[in-house]
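Proteins come first, then strands; the chains are lettered A, B, ... in the order of their sequence lines, and each starts at number 1. Quick caveat: nothing in here was measured; it's all calculated off a predicted structure.
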Protein chains: 2
Amino acid sequence: MARVPESQRVRDALENAIVDGRYRPGERLDPSQLEQQFGCSRTPIREALQALERSGLVSIRPKQGTYVTELSLAELADRFEVMAELEGMAARLCARRIDRGQLEELHHALQECQLYEQKGDSDGYYYANAWFHGVIYDACGNEYLRQQAHSLRRVLQPYRRLQLRVPDRMRRSLAEHRVIAEAIETGETEAAENAGRDHVLVQVKEFSQLVRTWREVTAGNR
Amino acid sequence: MARVPESQRVRDALENAIVDGRYRPGERLDPSQLEQQFGCSRTPIREALQALERSGLVSIRPKQGTYVTELSLAELADRFEVMAELEGMAARLCARRIDRGQLEELHHALQECQLYEQKGDSDGYYYANAWFHGVIYDACGNEYLRQQAHSLRRVLQPYRRLQLRVPDRMRRSLAEHRVIAEAIETGETEAAENAGRDHVLVQVKEFSQLVRTWREVTAGNR
DNA sequence: TCCTCGATCAATGCATCCAATCAGTACTGT
DNA sequence: ACAGTACTGATTGGATGCATTGATCGAGGA
């Protein structure tokens with residue numbers, strides 16, 4: 001039987017809530033409210049929050065409480081830059097190491113992406129997209145890279161949500177996926193790396209653009 | 001005044017002890033002994049150990065105690081592979097973004113490396129080497145990358161110790177540093193990336209070689 | 001109006017206690 | 001000799017009490 005410590009349950013629940021956007025960046029996590037919500041004492045809550053802080057999802061500001069991490073544009077850009085590198089690296093390794101079955105799974109994931117893109121279903125696309133990238137991480141043959149990539153991806157997830165609003169993003173994302181899959185299949189390491197990296201970098205650009213626009217728009221409101 | 005929580009003191013002390021090799025991989029960290037040593041109760045010890053586990057320096061095996069992480073060769077290889085990528089990335093960004101003062105510091109660090117190499121002082125070289133790489137991380141203009149690189153470097157540190165035994169390692173390391181610094185100075189991003197990456201990769205190769213040799217040697221002893 | 005001082009209270013760190021659990025081991029019967 | 005079992009002690013997760021700290025905010029003064 002899976003012995004699941006309370007602290008881990010809390011950790012997972014909060015992590016999912018943050019990644020899924022049920023808690024927004026900057027939102028306060030009230031310890032006593034969490035105690036009630038999870039029906040436990042401070043100890044497991046505390047441990048969960050500490051764990052989340054280490055993974056970067058929440059920030060504990062001493063004597064002021066714990067908040068869902070709110071990344072500045074610069075901090076976000078730094079993380080995306082590293083994410084791009086990990087993504088490129090994974091694709092490159094993948095192109096060299098992927099096996100038959102995994103390649104097949106990659107194609108399935110790609111088809112799934114295509115399916116939701118055609119339907120214009122961005123939620124569905126989100127999951128297909130996560131699957132596609134997950135296959136690449138799995139097949140890169142580097143377990144540590146897989147973990148790191150997943151972890152960083154989760155941290156960035158709350159901010160990716162905004163990107164869905166970028167017009168035409170899904171269609172272009174799909175096209176990029178095709179390029180990546182193609183390069184992996186044909187074993188072109190260099191091409192795979194560049195495609196994987198650019199796939200992330202392009203999002204940074206669009207994201208910064210989005211933020212800039214949003215700022216210009218909201219600037220007039222104050 | 002910076003009030004330093006006990007748990008953090010314990011954490012730092014243990015982390016340094018592990019990184020410096022005063023605790024060896026696989027060694028047990030006895031909680032009750034640590035309580036005595038640091039003169040505090042279980043709570044801060046526990047938190048410190050949990051933090052160290054998250055950063056990968058120790059492994060908590062449920063009901064069996066906490067041990068300094070002992071990485072298998074495969075796990076080690078994965079980490080070095082990622083480290084190489086981060087190192088290459090940092091060097092590439094550095095070549096693009098380093099400023100006058102930082103470039104000067106890089107040269108100082110390089111000279112320091114040269115100094116200790118000539119003296120054949122591997123401990124001194126270790127610190128000069130850390131400085132050299134630290135400058136690159138600082139100057140890469142990506143704070144997140146800086147943190148990640150430092151953190152991964154610490155995890156790998158206990159294993160690097162072995163490398164000092166590789167004959168001629170210091171001399172070649174220095175030569176590699178020169179190539180990296182040169183590429184950064186002249187702004188050749190591509191060259192810097194490759195030099196940075198290879199500088200780590202070469203160590204993996206030598207390390208695996210070392211382990212293999214060591215295994216062959218010790219295999220006869222049992 | 002703005003600044004300073006002090007009171008208040010939430011947040012925090014730590015110690016300690018309790019209970020559940022599991023690894024390892026000694027023991028038992030076949 | 002061996003398989004299965006019961007026991008024991010170490011380890012751990014969790015709860016709670018207590019003292020300390022520092023953020024916050026209002027009163028009083030410049």
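- Identified under the salt bridge (charged side-chain N to carboxylate O under 4.0 Å, His left out) test for residues 36-45 of chain A, with sequence neighbours left out: none.
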Atom pairs under 3.5 Å, N or O on each side, protein against nucleotides 12-14 of chain D: can you list them with distances?
unit_1, atom_1, unit_2, atom_2, d
D/dG13, N7, B/R42, NH2, 3.3
D/dG13, N7, B/R46, NH1, 3.4
D/dG13, O6, B/R42, NH1, 3.0
D/dG14, OP1, A/E6, N, 2.0
D/dG14, OP1, A/S7, N, 3.3
D/dG14, OP2, A/S7, N, 3.3
D/dG14, OP2, A/S7, OG, 3.4
D/dG14, N7, B/R46, NH1, 3.3

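- Scanning for side chain to side chain contact (heavy atoms under 4.5 Å, CB included) contacts around B/Q64 gives B/R61, with sequence neighbours left out.
- Distance A/E35 CD to C/dT12 P: 12 Å, rounded to the nearest Å.
- Listed by first and then second residue, the side-chain hydrogen bond (donor to acceptor under 3.5 Å, both in side chains) pairs involving residues 131-143 of chain A are A/E87-A/H133, A/E87-A/Y137, A/E105-A/W131, A/N129-A/H133, A/H133-A/H177, A/H133-A/H199, A/Y137-A/R153, A/N142-B/E81, A/E143-A/R146, A/E143-A/Q147 (not counting sequence neighbours).
- Along DNA chain C, the nucleotide nearest B/G39 and the nucleotide nearest A/D30 are compared for position; the residue whose nucleotide lies closer to the 5' end is A/D30.
- Under the rule for a side chain to side chain contact (heavy atoms under 4.5 Å, CB included), the partners of A/E75 that lie at least two apart in sequence or sit in another chain are A/L71, A/S72, A/R79.
- Among all heavy-atom pairs drawn from B/Q102 and B/V135, the shortest one is O-CG1, 3.7 Å.
- Put simply, CZ on B/F38 is 16 Å from C1' on C/dC14, counting in whole angstrom units.
- One atom, CD1 of B/I45, and another, P of D/dA10, lie 18 Å apart when rounded to the nearest Å.
- For the pair B/L49 CG and D/dA10 P, the interatomic distance rounds to 18 Å; values are reported in whole Å.
- Among residues two or more places apart in sequence or in another chain, the side chain to side chain contact (heavy atoms under 4.5 Å, CB included) test is passed with A/A17 by A/R22, A/Y23.
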